[in-house]
Amino acid sequence: MNVGFIGLGRMGTGMVGRLLQAGHEVTVYNRTASKARALVDRGARPAATVADACRGDAVLTMLADDGAVEAVVFGEGGLLQSLGTDTIHVSTSTIGVAMSERLAAAHERAGQRFVAAPVFGRPDAAAAGKLFVVAGGAPDVVAACMPLFEAIGQKAIHIDTAPRAANLVKLSGNFLIGSLLEALGEAMALVRKGGVDPHRYFELLTSTLFTGPLFTNYGGLIAHERFEPAGFAAPLGEKDVRLALAAAETLRVPMPAASLVHDRLLTLIARGGERLDWSAIGRLAADDAGLPRSTDT
Ligand SMILES: NC(=O)c1ccc[n+]([C@@H]2O[C@H](COP(=O)([O-])OP(=O)(O)OC[C@H]3O[C@@H](n4cnc5c(N)ncnc54)[C@H](OP(=O)(O)O)[C@@H]3O)[C@@H](O)[C@H]2O)c1
């Protein structure tokens, strides 16, 4: 397929690499143009403006947050003004449910086709084509995007005809992961303070009751206190739990655990953890327990 791609951050860069490898023609745009260079060397076509990337079968956006989507889609010379009726907008960013509804309504008014396709998986999974894609949109439009999802992901699930449903599911998933990080951090602080080696504890957990990829990946980061460079930066994690809480408020669903995880992410950021991976909330419990950091010992 012939596609545009807007947003060459940690995730976008890996996803474009996979699209190129699968033989798709990709035109790339990023606010900070220098980030496109390596991909252009690998065969991508550079676009000088958002409008330049809005041609072909589809344009994928992988942007930080609602504010970035606001600027790129609704801004002057943005995607909404530039997209023809033949080009599908595939929004892969993790954004709020209300923003997804706004996008769907605006594209519909403009006679344009829209799919929300947020993804699970970190930058290494993006580069390896191992993401899980959760798609929301009309069945024929989602079907038309399947070759793209197959290039970037190991599995694509069409969850609903409403795009917003995909965004809600993605936010619920990140709330679950955030809760896991907090729980792992507390459990590890407990056993460490009791004199148990955290690495042996991690091996025990991941070879017995908790063998899934989240435990192995995040448990390893917490046990080894390896929070830099961030795969998923703390402010993005805070954004996701805040957006999950916003959706919960709209739907009148109390989520006390989500409020707690949100507070923990705020604590991490307030204490200077802005550039750390969000799994660094798993170290807060150890700090609270007065345990030394691995760098202190
Ligand atoms: N990292 C993960 O593990 C992961 C996993 C799943 C989903 N996600 C979601 O994927 C999205 C991207 O994450 P990421 O880790 O790739 O983030 P990132 O590395 O921080 O990249 C963010 C991208 O958004 C662009 N951007 C930010 N503000 C903008 C604005 N106002 N106007 C235009 N462009 C703007 C950035 O452009 P510049 O280069 O110019 O700053 C960059 O291309 C987020 O919604 C995140 O929640 C991330």
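Remember, it's 1-based here, ligands and their atoms both numbered in the order they're listed. Just so it is clear, the model here is predicted, and its values are computed rather than measured.
Summary of contacts: the protein heavy atom closest to atom 21 (O) of ligand 1 is G9 CA, 3.3 Å. The closest protein non-hydrogen atom to atom 41 (O) of ligand 1 is R31 NH2, 2.9 Å. The protein heavy atom nearest to atom 9 (C) of ligand 1 is T94 OG1, 3.4 Å. Here the protein heavy atom with the shortest distance to atom 2 (C) of ligand 1 is F232 CD1, 3.3 Å. Closest to atom 39 (O) of ligand 1 among all protein heavy atoms lies K35 NZ, 2.6 Å. Of all protein heavy atoms, the one closest to atom 37 (O) of ligand 1 is N30 OD1, 3.6 Å. Protein heavy atom closest to atom 11 (C) of ligand 1, with residue, atom name and distance, is L63 O, 3.3 Å. Closest to atom 16 (O) of ligand 1, if we only count protein heavy atoms, is M11 N, 2.9 Å.
Using a 4.0 Å cutoff on heavy atoms, A126 does not count as a contact of ligand 1. Using a 4.0 Å cutoff on heavy atoms, E70 does not count as a contact of ligand 1.
Shown in contact with G121 at under 4.0 Å from a heavy atom are these atoms of ligand 1, numbered in order with element: 5 (C), 6 (C). In the vicinity of K170, heavy-atom distances shorter than 4.0 Å reach the ligand 1 atoms 6 (C). For ligand 1, the atoms sitting less than 4.0 Å from at least one non-hydrogen atom of V119 are 6 (C), 7 (C), numbered in the order shown with element in parentheses. Counting atoms of ligand 1 from 1 in the listed order, those under 4.0 Å from a heavy atom of G7 are 43 (O). For ligand 1, the atoms closer than 4.0 angstrom to any heavy atom of K239 are 44 (C), 45 (O), 46 (C), 47 (O). For ligand 1, the atoms lying closer than 4.0 Å to a non-hydrogen atom of P123 are 1 (N), 2 (C), 3 (O). Atoms of ligand 1 found under 4.0 Å from any heavy atom of V72, numbered from 1 in the order shown, are 33 (C).
For D287 and R293, the salt-bridge test passes: some basic side-chain N is under 4.0 Å from an acidic carboxylate O. Salt bridge absent: K193 and E186 never bring a charged side-chain N and a carboxylate O closer than 4.0 Å. Between E70 and R102 a salt bridge is recorded (basic side-chain N to carboxylate O distance below 4.0 Å).
Within 6.0 Å of CD on E249 lie no more than 12 heavy atoms contributed by other residues, nucleotides or ligands. For CZ of R164, the number of neighbouring non-hydrogen atoms (other residues, nucleotides, ligands) closer than 6.0 Å is 12 at most. Enclosure of atom CD in Q21 by more than 12 non-hydrogen atoms of other residues, nucleotides or ligands within 6.0 angstrom is indicated.
Checking S91, A64, A36, S93 against atom 44 (C) of ligand 1, the nearest heavy atom belongs to A64.
Screening R122, R10, R283 for a salt bridge (Lys or Arg N to Asp or Glu O under 4.0 Å) involving D277 leaves a single residue, R122.
When every heavy atom of G136 is checked against every heavy atom of A166, the shortest pair comes out as N-CB, 3.6 Å.
Considering backbone and side-chain N/O of G231, one or more are found under 3.5 Å from N/O of ligand 1. Every N/O-N/O distance between L236 and ligand 1 stays at or above 3.5 Å. Remark: ligand 1 and R10 share an N or O pair separated by less than 3.5 Å (distance only, no angle test). Of the polar atoms of L8, at least one N or O is found under 3.5 Å from an N or O of ligand 1, judged by distance alone. Distances between N or O atoms of R122 and those of ligand 1 include no value under 3.5 Å.
In this structure a side-chain-to-backbone donor-acceptor pair under 3.5 Å is missing from T87 to L83. H24 places no side-chain N or O within 3.5 Å of a backbone atom of L19 that could act as its donor or acceptor partner. With hydrogens and angles ignored, the 3.5 Å screen pairs no side-chain donor or acceptor of H158 with any backbone N or O of V134.
Heavy atoms of T32 found under 4.0 angstrom from ligand 1 belong to the backbone as well as the side chain.
Annotation: cation-pi pair R275/F227 absent, no NZ/CZ under 6.0 Å from the ring centroid and within 45° of its normal.
A distance below 6.0 Å separates the ring centres of F215 and F210.
Counting only N and O atoms by type, the side chains of E238 and H262 include a donor and acceptor under 3.5 Å apart.
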